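Hydrogens, waters and symmetry mates play no part in the numbers below; they use all other heavy atoms, side chains included. All values derive from a computational prediction rather than experimental measurement.
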Amino acid sequence: MIEPAAWATVLMKSPQQLTLRDKVWRYKSEGNANVVLSVPADGTVVRVMKDETDDGGGETAAAVAAETLSVRLRFCDAVRRSFFADSRHVDVPVPMRVAADELREIDRLVRPHRPPGRKHKGLGWAGCLVAVCPDYTTLPPTDVPGVWCVEIKPKQGWVHEEDRACGPGGVRVKCPFCAHQYLKLCRGDVRRPSGYCPLDMFSGRRERVRRSVRALLRDPQNNLKLFLDGEPLVAPDDGFGDAASEALGDVPRFCALVAGALLGDYEDGGRNAPVMDGRDDTDTGRITAAASGALPCDFRAVPMPRHCVLHEILTMQRMQTAGFAAVCSEYDNGLRLSRDPHQFGHVDRMRPDGGDDAVAWSPVDGYLVAATARDCSVFVTFRGPGSSTPAVRVKVSDLDPKPLSTVDKHRIRDAKVSLACQRYSVG
């Protein structure tokens, strides 16, 4: 195991050289920190860090890039060991080096395909470092068609007891995700609230998990994407219902398979999977009522199988050991006012061997780890009807550490959400 202080040096000196000049590649997606390129022939994706500057920055920028990637990989490895029991759901990306002139050319080629709101950041080529991992939207062999993948951002499925005491009568009636829908309405980001509720997804009740998948198909927003043979599908105004029917014959079967995969039934060949009988028990009436704001969120839950991916993500979310007010208090009483606050100090406090005392769980440390789990993505990948290989694969990605400034960012966001909820008279 490499000691944390040595990671940046190793990354700058040892990565294997990678070139995409002789390969077919395409722009796949991007988030706030990375542009993701797919390499279909290899069944991999290449994550290229973004930078707000265009000048490369010299040796200092190269060192910063190496340290940034080092922090991300150390954190991913510690998270995998600490929260994902047998590590099958998480892969730690492999660092590689790409020539700076090649990254500049890639930057130029992908720019027309990037969302306008993301173009203020270009690709960072100072450190020439990228991270490579499997493409979770495909299955080997990559030249056999008929592979479907659903990517879900399940969001916050658990609320600390101290954060439930708000809203009318002192009791929260909407979870953070559902409350945030009203801010989206105020800003004009959506035309209607989503009927999806993360508390259903993490409830441990199969019928509620199925219902949550059905709600995401109806209102995917940024929380569900569908891929066919590695290519993203565009959702029409009425959602992904037709695509789900194409994948498995009808929507109930699709919801049953995805819910089963998330609950651990369909992996390893699906030997313990319940029968997909095609019944529609997803309660579409409740989904519609929830989207209208007529129903409160259901905070009840039962334990899930320990090996399932939802249990593992929820365990990580529960690392928030104090309410948000206590998190802000610790942040305000020292961390924010320090001369040079370490934005990723909690990463160095995580034990890489995943022991029971993996983290010094201060309120802020625990909150930042939980925040990562609230923003991760789950990929459920499978072949369509008639396949001779029925196994379903489940993987988790986007396990990047959150900076210390996340506390302030979330405080500002929560204040805006509160005002939006007041406008719509919900808690």
Colleague: Do Val150 and Phe379 have side chains that approach each other closer than 4.5 Å (heavy atoms only, starting at C-beta)?
Modeller: no
Colleague: Can you label the angle between the Phe84 ring and the His89 ring as parallel, tilted or perpendicular, going by 30° and 60°?
Modeller: perpendicular
Colleague: side-chain contact (heavy atoms from CB on, under 4.5 Å) for Ser203 and Asp298? Distances and angles first, verdict last.
Modeller: CA-CA 9 Å; Ser203 67; Asp298 187 347; over 6 Å; no
Colleague: Any non-hydrogen side-chain atom of Cys197 less than 4.5 Å from a side-chain atom of Cys175?
Modeller: yes
Colleague: If you compare all heavy atoms of Lys28 against all heavy atoms of Gly230, which two are closest, and at what distance to 0.1 Å?
Modeller: NZ-O, 2.8 Å
Colleague: Please step through side-chain contact (heavy atoms from CB on, under 4.5 Å) for the pair Val209 and Leu263, ending with a clear verdict.
Modeller: CA-CA 9 Å; Val209 180; Leu263 290 169; 4.2 Å; yes
Colleague: Taking the six-membered ring for Trp, are Tyr182 and Tyr424 parallel (under 30°), tilted (30 to 60°) or perpendicular (over 60°)?
Modeller: tilted
Colleague: Determine, for Asp348 against Arg74, whether the closest basic-nitrogen to carboxylate-oxygen distance falls under 4.0 angstrom.
Modeller: yes
Colleague: Less than 4.5 Å apart, side chain to side chain, heavy atoms only: is that true for Leu18 and Val98?
Modeller: yes
Colleague: Between Asp200 and Arg205, does any side-chain N to carboxylate O distance fall below 4.0 Å?
Modeller: no
Colleague: Indicate yes or no: does Asp250 engage Arg253 in a salt bridge with an N to O separation below 4.0 Å.
Modeller: yes
Colleague: I want to check something: taking the side chain as every heavy atom from C-beta on, are Cys133 and Val94 in contact at a cut-off of under 4.5 Å?
Modeller: no
Colleague: Would you mind reporting whether Leu310 and Leu314 have side-chain heavy atoms less than 4.5 Å apart?
Modeller: no
Colleague: Quick one: closest heavy-atom pair of Pro363 and Ala326, and the distance?
Modeller: CB-O, 4.4 Å
Colleague: Atom CG of residue position Asp238 - does it have more than 12 heavy atoms of other residues, nucleotides or ligands inside 6.0 Å?
Modeller: yes
Colleague: Restricting to non-hydrogen atoms, name the atom on Arg118 and the atom on Lys50 that form the minimum distance, rounded to 0.1 Å.
Modeller: CD-NZ, 4.0 Å
Colleague: Measure centre to centre between the rings of Phe75 and His346, then say whether the value is under 6.0 Å.
Modeller: yes
Colleague: Do Asp107 and Arg104 sit within salt-bridge range, that is, some charged N less than 4.0 Å from a carboxylate O?
Modeller: no
Colleague: Under 3.5 Å, is there a donor-acceptor pair between the Gln221 and Asp189 side chains?
Modeller: no
Colleague: Can a salt bridge be assigned to the pair Arg349 and Asp365 using a cut-off of 4.0 Å between side-chain N and carboxylate O?
Modeller: yes
Colleague: Can you tell if the side chain of Pro403 reaches within under 4.5 Å of the side chain of Thr406, non-hydrogen atoms only?
Modeller: yes
Colleague: Quick one, Thr44 with Asp135, criterion side chain to side chain donor-acceptor pair (under 3.5 Å). Give me CA distance, side-chain angles, the key distance, then yes/no.
Modeller: CA-CA 4 Å; Thr44 61; Asp135 186 347; over 6 Å; no
Colleague: Going from NE2 on His307 to NE2 on His311, what distance comes out if it is rounded to the nearest 0.5 angstrom?
Modeller: 10.5 Å
Colleague: So, does Glu30 use its side chain to make a donor-acceptor pair with the main chain of Val36 at under 3.5 Å?
Modeller: no
Colleague: Assess whether atom CZ of Arg300 is packed by more than 12 heavy atoms of other residues, nucleotides or ligands within 6.0 Å.
Modeller: no
Colleague: Would you indicate whether the side-chain heavy atoms of Leu69 and Pro95 approach each other to under 4.5 Å?
Modeller: yes
Colleague: Are the side chains of Val64 and Glu67 in contact, using a 4.5 Å heavy-atom criterion?
Modeller: no
Colleague: Report the relative orientation of the aromatic rings in Tyr196 and Phe177; use parallel for angles under 30°, tilted for 30 to 60°, perpendicular for over 60°.
Modeller: perpendicular
Colleague: Got a salt bridge between Arg108 and Glu105, using NZ or NE/NH1/NH2 to carboxylate O under 4.0 Å?
Modeller: yes
Colleague: Restricting to non-hydrogen atoms, name the atom on Val35 and the atom on Arg114 that form the minimum distance, rounded to 0.1 Å.
Modeller: CG2-NE, 4.1 Å
Colleague: Would you mind checking if Arg191 and Asp219 are paired as a salt bridge, meaning a charged N to carboxylate O distance below 4.0 Å?
Modeller: no
Colleague: Show your working on side-chain contact (heavy atoms from CB on, under 4.5 Å) between Leu37 and Arg47 and close with a plain yes or no.
Modeller: CA-CA 6 Å; Leu37 313 174; Arg47 302 177 71 190; over 6 Å; no
Colleague: Heavy atoms only: give me the nearest Val369-Met316 pair and the separation to one decimal.
Modeller: O-CE, 3.5 Å
Colleague: Any idea which heavy atoms bring Pro401 and Thr372 closest together, and the distance?
Modeller: CA-OG1, 3.8 Å
Colleague: For Tyr136, does its backbone N or O pair with a side-chain atom of Arg393 as donor and acceptor, under 3.5 Å?
Modeller: yes
Colleague: Are the side chain of Lys174 and the backbone of Leu295 linked by a donor-acceptor contact shorter than 3.5 Å?
Modeller: yes
Colleague: Flag the pair Glu231 and Arg26 as a salt bridge only when some basic side-chain nitrogen lies within less than 4.0 angstrom of an acidic carboxylate oxygen.
Modeller: yes
Colleague: Are Arg411 and Asp414 ion-paired here, with the side-chain N under 4.0 Å from a carboxylate O?
Modeller: no
Colleague: Quick check against the 3.5 Å criterion: does Lys225 have a side-chain atom that pairs as donor or acceptor with the backbone of Pro220?
Modeller: no
Colleague: Any Lys/Arg nitrogen of Asp375 or Lys402 sitting under 4.0 Å from an Asp/Glu carboxylate oxygen of the other?
Modeller: yes
Colleague: Please check: side-chain N/O of Asn333 versus main-chain N/O of Ser329, any donor-acceptor pairing under 3.5 Å?
Modeller: yes
Colleague: Is there a side-chain contact (heavy atoms from CB on, under 4.5 Å) between Asp91 and Lys395? Walk through the geometry before answering.
Modeller: CA-CA 8 Å; Asp91 299 309; Lys395 290 288 187 178; 3.2 Å; yes
